[in-house]
Every structure is written in structure tokens, then in C-alpha cells.
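Please read through the structure below; I'll follow up with questions.
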Amino acid sequence: MKTFAAIDVGSYELAMKIFEISSNKGIKEVDYIRHRIDLGTDTFATGKISNARVDELCRVLRDYGEIMKSYKADQYKAYGTSAIRETENRMIVLDQIAQRTGITIEVLSNSEQRFLNYKSIASIGDDFNRIIEKGTAIVDIGGGSIQVSLFDKDMLMTTQNMRLGVLRLQDRLGRLNIRPEQNEIMLDEIVSSQLSVFKKLYLKDKAIENIIVVDDYVSAVVGKNVAGLEQSSVEATAMDKFLERVRAKSVQEVSRILGMPEENVPLLFISGVLINRIAKVMGAKLIWVPGVTLCDGIAYEYAERSKLIKPAHDFEQDIIACAQNISKRYMGSRRRSETLEKIALTIYDSMKKVHGLGRRERLLLRIATLLHDCGKYISLVNLGECSYNIIMSTEIIGLSHVEREIVANVVKYNHMDFDYYEAMGKDGSLTRKEYLTIAKLTAILKIANGLDRSHKQKFKNVKTTLKEEQLIITVDASLDVTLEKGLFSKRADFFEEVYSVRPIIRQSR
């Protein structure tokens with residue numbers, strides 16, 4: 001059995017959960033410690049976290065460190081979300097925290113953060129898998145933004161981020177200088193304008209029956225004998241009853257009834273309005289509030305990577321499904337992508353001993369094959385640059401910013417001459433390791449693309465054999481591969497430069 005600590009440095013709260021994790025008993029929560037700290041107001045208003053907030057953060061983290069020791073935690077993970085992600089002096093703040101507390105905080109990209117929250121829901125198991133069989137939206141409400149992910153028949157269809165987080169909305173309302181009774185009207189206008197665009201672009205004829213909510217406020221009051229929210233799974237109309245109850249009472253009364261700090265009550269109301277408006281826009285019938293947090297997702301991922309539990313859901317397939325839907329949006333050819341994927345992965349698997357890359361890089365190559373020509377939607381001439389810009393501007397849930405940059409560069413250089421490290425890494429955003437990963441995956445994608453230059457999927461049954469300094473690519477003898485052989489040489493040169501292995505096309509007898 002392992003004892004694990006998960007720390008969430010959020011926009012308005014510093015939370016830590018202690019878990020006991022074992023292969024036979026699964027994940028058990030042992031303790032949950034929370035400290036309210038308003039980092040988000042600093043960041044969203046000024047772009048920086050103040051020295052006073054950093055001091056408070058360090059003091060509480062030192063206390064958390066002592067609690068971890070008392071539980072004899074084997075390992076911990078501490079993640080920062082939007083408040084730290086968006087602060088201008090992020091590197092300075094993180095270094096100070098590490099020096100003063102001994103705790104290293106890693107900053108999650110938005111897509112990584114939402115993916116962990118998604119895993120926290122999946123960790124519940126059967127209920128999640130049953131619900132997403134029908135049209136379902138996961139609504140993940142944070143301090144800076146919300147993420148809406150649409151599922152249909154157990155498949156992730158799309159995920160979109162909107163800057164409608166509760167702290168950001170509270171800050172925006174505070175700047176309007178309006179009477180308190182006008183807040184809900186203004187809030188509804190701000191939210192509805194963005195949701196109407198989302199509905200037009202992504203809902204269309206999709207039927208959404210269920211909404212799964214991840215937040216820190218409505219989740220905290222479910223089951224506390226509040227009208228409409230007595231259970232975690234309620235009819236969508238119950239949210240109207242709940243908002244009426246909150247609206248009719250003073251902040252002090254709501255705070256006393258729900259056992260919630262007074263400063264949290266306005267944020268609870270904003271979160272409730274968001275959920276209610278989204279449910280109405282989507283025509284949802286059921287709202288499920290499972291009460292999970294980012295800490296649950298952090299623990300789930302640790303248990304999964306440590307092979308202490310078996311995954312309750314195929315998360316890798318969700319990332320692939322997300323990429324497939326992006327390709328579809330930009331008129332990508334599914335048949336061509338499937339052919340390219342099959343050839344590229346065949347080459348990747350036969351080159352394992354040479355490239356030294358792992359399963360995660362294999363996934364990035366798969367995504368690159370799916371998005372290999374998305375830029376043609378904008379330009380057939382500047383295909384590489386346009387593809388790069390589309391991928392860097394489109395969120396792929398589950399991928400970090402760096403991983404998305406790797407995929408974008410692999411797709412870009414599939415269509416263009418490769419830039420070496422001095423040119424590609426001149427802005428300092430790529431490490432040497434990341435640059436080499438781009439080079440290795442680009443070399444493979446260029447070869448796979450070269451084997452299907454005619455776009456006629458001739459090479460469906462490709463076999464590859466690595467022999468000393470040659471990669472023998474065997475294809476069906478009945479095919480006319482004159483075009484492919486003629487255009488293959490330049491791509492083969494780059495592959496040989498990267499791997500010191502020469503790819504050779506041979507036709508079977």
C-alpha cells in the first residue's frame with residue numbers, strides 16, 4: 001500500500017488530500033485539508049501574485065509538508081492551475097516556493113488540468129461510463145475559465161474552453177458599478193453571448209441529456225438539505241429551485257445554512273447560474289454533481305502510472321477522438337489519415353531500438369498523422385505553417401502545451417524543409433530533448449507521407465524490416481509505385497540523417 005498526497009494550488013483555495021492506494025482496495029481518501037487563498041484576484045486583475053500572497057502560500061505549504069510527514073506519505077504531486085499559469089512572474093514565484101518550502105509545484109496547462117478533472121470523474125467508475133453512453137457534457141468550472149466537453153456514445157466529440165470562470169466573472173461584475181440585484185441580469189448576458197456561439201458551432205443537432213459538473217461551490221453543498229440539491233444526481237429543473245432559495249436569503253443566512261464562508265456565497269451563486277444557463281442552452285434533463293476535485297484526478301493518475309489500479313476508461317482513445325474531430329472540422333480525409341497512421345506506426349514500431357522513444361511519443365505520432373493536412377483548409381500553398389497555427393490554436397485535451405507544440409512542429413516539417421535547433425529553438429521554448437523528438441517523429445512521418453504521395457492508399461499492407469543500416473519497406477508487387485519511388489529520395493535522406501538508417505522500398509515477389 002502507498003500513501004500519496006495530492007496538492008491543488010487553485011485560484012481561490014489551496015487544497016491537499018491524503019490517499020491510501022493499493023491494488024486490492026483501490027484509492028481511499030484519508031484526509032482533506034483546505035485553506036482559502038485568493039491568488040486568482042491578484043493574477044486576473046494585475047497579472048502578478050503579490051508578495052503578501054506568496055508569503056501566505058509558502059507558510060501554508062510548509063504546514064502541508066509537516067502533515068505529509070505525519071502521514072508518512074511515500075510521494076506527492078503539487079499542481080498549480082490558472083492563477084499561477086497566468087501570472088507574469090511565474091518562474092520567480094515557483095522558485096521562491098521551492099526554496100522556502102521544499103515543495104515543487106508543476107504548472108498544468110489548461111488541457112492537462114481539465115483532463116485530470118475528467119479523470120477524477122472517471123475514477124468513480126460505473127456511473128461515469130453509464131452516463132456518457134448518452135449525449136453528455138462535462139462542465140468543469142474553475143476560477144479563470146470553464147471547460148465544456150461533449151460526449152456521445154462513450155466518445156469524446158469536442159472540448160472547448162471559455163473565459164467564464166467564477167472569479168473572473170465576479171471581478172467583471174465588480175467593475176460594472178451596478179446594484180446587487182442587477183448582477184444576475186448582467187451575468188446572464190455575459191454568459192449567454194458566449195454560450196450561443198458555442199451552441200451554434202458545436203451543438204447543432206447533438207442531443208445532450210446529461211450534464212456532469214465539476215466545481216468547488218455547488219459540489220460543496222450537494223446533500224446539505226438544500227431545496228433542489230438533496231442528491232448528487234438531480235433533474236435539471238432542480239437548479240432553478242436552488243437559485244431561488246439562494247436568491248431569497250441574505251449572504252449571512254446562506255452562509256449559516258450551508259456552513260460555507262460568507263465570501264464563498266457570491267461564487268456559489270455565480271457557479272449555479274452558469275450551470276443553470278448551460279443546462280437550458282443544451283436542453284439537458286439530468287445534472288450530476290459527483291463532488292470530485294482535482295486532487296482526486298491527481299491521485300487517480302498517480303495510481304494509474306504506478307500500475308496500482310487498472311484504468312476505468314480508455315483515456316488515450318479520448319485524446320485520439322479529440323484529434324479525429326479536429327481533423328473532421330478542417331475537412332481532413334479520414335481514409336488518408338488511417339493509411340498514414342498505419343504506415344507511420346509500423347515504421348515507428350520497427351525502429352524502437354534505434355529511436356529510443358516510448359508509448360507517449362507514439363501517441364503524439366498518431367495525432368500528427370490525423371492532423372497532417374489540417375492546414376489545407378486555409379491554404380494549399382502554406383500548408384505547413386497553416387497546419388502549425390491551427391494545432392497551436394486548438395486545444396487537445398490531455399496534451400500539455402509542449403506536447404501540442406511537438407505535434408504542431410512534426411506536422412509543419414512534414415510539408416517543409418526541417419529547421420535545425422538554432423533556428424527552431426531560438427525563442428527558448430524547446431529543450432534539446434523535445435527538439436530531437438520532433439526530428440525523429442518528423443523523419444517517420446515524412447517517409448509515411450512519401451509512401452502515399454498519390455493519395456490513393458496504395459500502401460495498405462506495408463511490412464518493414466530493420467537490417468543493420470537499412471529499413472526495408474516491402475509493398476505489394478502488383479502496385480505501380482513509380483511516383484512514390486521517384487519522390488522518395490529526399491525524404492529518405494532526412495530519415496538517414498536522423499537515424500543513420502536508409503529506408504528502401506522493395507516490392508514483394
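Keep in mind the model is a prediction, meaning the values are calculated, not measured.
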How long is the straight-line distance from OG of S327 back to CG of L371, given to the nearest 0.5 Å?
6.0 Å
One pair to check against salt bridge (charged side-chain N to carboxylate O under 4.0 Å, His left out): D95 and R90. What are the steps and the verdict?
CA-CA 9 Å; D95 183 65; R90 183 173 79 183; over 6 Å; no
Quick check: does any side chain N or O of S192 sit under 3.5 Å from a backbone N or O of E189, one acting as donor and the other as acceptor?
no
Would you call the rings of F418 and F494 parallel, tilted or perpendicular, taking 30° and 60° as the class edges?
tilted
Heavy-atom nearest pair, T81 first then L294, reads CG2-CD2, 3.8 Å
Using 0.5 Å steps for rounding, measure from the CG atom of L430 to the CG atom of N409.
6.0 Å
Taking side chain as C-beta onward, heavy atoms only, is T136 less than 4.5 Å from E209?
no
Assess the side chains of R114 and N110: does a donor N or O sit below 3.5 Å from an acceptor N or O?
yes
Within a strict 4.5 Å, meaning less than it, do heavy atoms of the I367 and Q324 side chains meet?
no
Rounded to the nearest 0.5 Å, the CD atom of E338 sits from the OG1 atom of T369 at a distance of 9.5 Å
Run Y421 and L436 through side-chain contact (heavy atoms from CB on, under 4.5 Å) and show every step you take.
CA-CA 9 Å; Y421 187 60; L436 290 173; over 6 Å; no
Is the backbone N or O of D314 less than 3.5 Å from a side-chain atom of Q317, with the two atoms forming a donor-acceptor pair by type?
no
Looking only at heavy atoms, which two atoms of Y348 and E361 are closest? And how far apart?
OH-CB, 3.6 Å
Testing the 3.5 Å rule here: is there a donor-acceptor pair between the side chains of T159 and Q147?
yes
Judged by atom type as modelled, is there a donor-acceptor pair below 3.5 Å linking the side chain of E403 to the main-chain atoms of S400?
yes
Just checking, any donor-acceptor pair under 3.5 angstrom between side chains of R85 and Q113?
yes
Give a yes or no answer on whether the side chain of T442 reaches the backbone of I438 with a donor-acceptor pair at less than 3.5 Å.
yes
Quick test of your reading of the model: are R502 and E469 salt-bridged, counting only N-O distances below 4.0 Å?
no
Do L370 and I320 make a side-chain contact, defined as non-hydrogen atoms from C-beta onward lying under 4.5 Å apart?
yes
Any side-chain heavy atom of T474 sitting closer than 4.5 Å to one from T464?
no
In terms of relative ring orientation, are Y217 and Y12 parallel, tilted or perpendicular, with 30° and 60° separating the classes?
tilted
Report, as yes or no, whether the 6.0 Å neighbourhood of atom CD1 on I92 holds more than 12 heavy atoms from other residues, nucleotides or ligands.
no
Using modelled atom types only, decide if a donor and an acceptor are shared between the side chain of D215 and the backbone of V218 within a distance under 3.5 Å.
yes
Atom CZ of F198: over 12 foreign heavy atoms under 6.0 Å:
yes
Nearest heavy-atom contact between L164 and L169 is O-CD1, 3.3 Å
Side-chain donor or acceptor of D8 paired with backbone N/O of A78 under 3.5 Å:
no
Taking the side chain as every heavy atom from C-beta outward, state whether K376 and I378 have any pair of such atoms under 4.5 Å apart.
no
Does the distance from a Lys or Arg side-chain N to an Asp or Glu carboxylate O, for R404 and E395, drop under 4.0 Å?
no
Working note: L167 + D38, criterion side-chain contact (heavy atoms from CB on, under 4.5 Å); need CA distance, chi angles, decisive distance, verdict.
CA-CA 9 Å; L167 270 182; D38 195 350; 3.8 Å; yes
Rounded distance (nearest 0.5 Å) linking atom CD1 of I7 with atom SG of C295
8.0 Å
Evaluate whether atom NZ of K48 has more than 12 neighbouring non-hydrogen atoms of other residues, nucleotides or ligands under 6.0 angstrom away.
no
Mind checking whether Y118 and F315 have parallel, tilted or perpendicular rings, split at 30° and 60°?
perpendicular
Are the side chain of N414 and the backbone N or O of V410 linked by a donor-acceptor pair below 3.5 Å?
no
Show your reasoning for whether side-chain contact (heavy atoms from CB on, under 4.5 Å) applies to L39 and L57.
CA-CA 9 Å; L39 302 177; L57 186 54; 4.3 Å; yes
Any heavy-atom pair between the side chains of K285 and N210 that's under 4.5 Å?
no
Only one of E316, E304, E112 passes salt bridge (Lys or Arg N to Asp or Glu O under 4.0 Å) with K119, and that residue is E304
Smallest heavy-atom separation, A83 atom then I49 atom, equals O-CD1, 4.2 Å
To check you understand the geometry: which heavy-atom pair defines the closest contact between A368 and V411, and what is its length?
O-CG2, 3.6 Å
Does D188 come within less than 4.0 Å of K280, counting only side-chain N to carboxylate O?
no
For the atom pair CD1 (I270) and CD1 (I275), what is the distance rounded to the nearest 0.5 Å?
12.0 Å
Answer yes or no: is there a donor N or O on one side and an acceptor on the other, between the side chain of S306 and the main chain of A303, under 3.5 Å?
no
More than 12 heavy atoms of other residues, nucleotides or ligands under 6.0 Å from CZ of R334: is that the case?
no
Heavy-atom check, side chain of L203 versus side chain of M282, under 4.5 Å:
yes
Say whether, by atom type as modelled, one donor and one acceptor occur between the side chain of T87 and the main chain of I84 under 3.5 angstrom.
no
Before giving the answer on side-chain contact (heavy atoms from CB on, under 4.5 Å), spell out for L340 and L445 the whole-Å C-alpha distance, their side-chain angles and the decisive distance to 0.1 Å.
CA-CA 8 Å; L340 208 56; L445 187 58; 4.1 Å; yes
For the atom pair CZ (R360) and CG (L357), what is the distance rounded to the nearest 0.5 Å?
13.5 Å
Does the side chain of L383 come within less than 4.5 Å of S387's, by heavy atoms?
yes
Can you see which heavy atom on F115 is nearest to which on I397, and at what distance?
CD1-CG1, 3.8 Å
Do side-chain atoms of S111 reach the backbone of L399 as a donor and acceptor pair under 3.5 angstrom?
yes
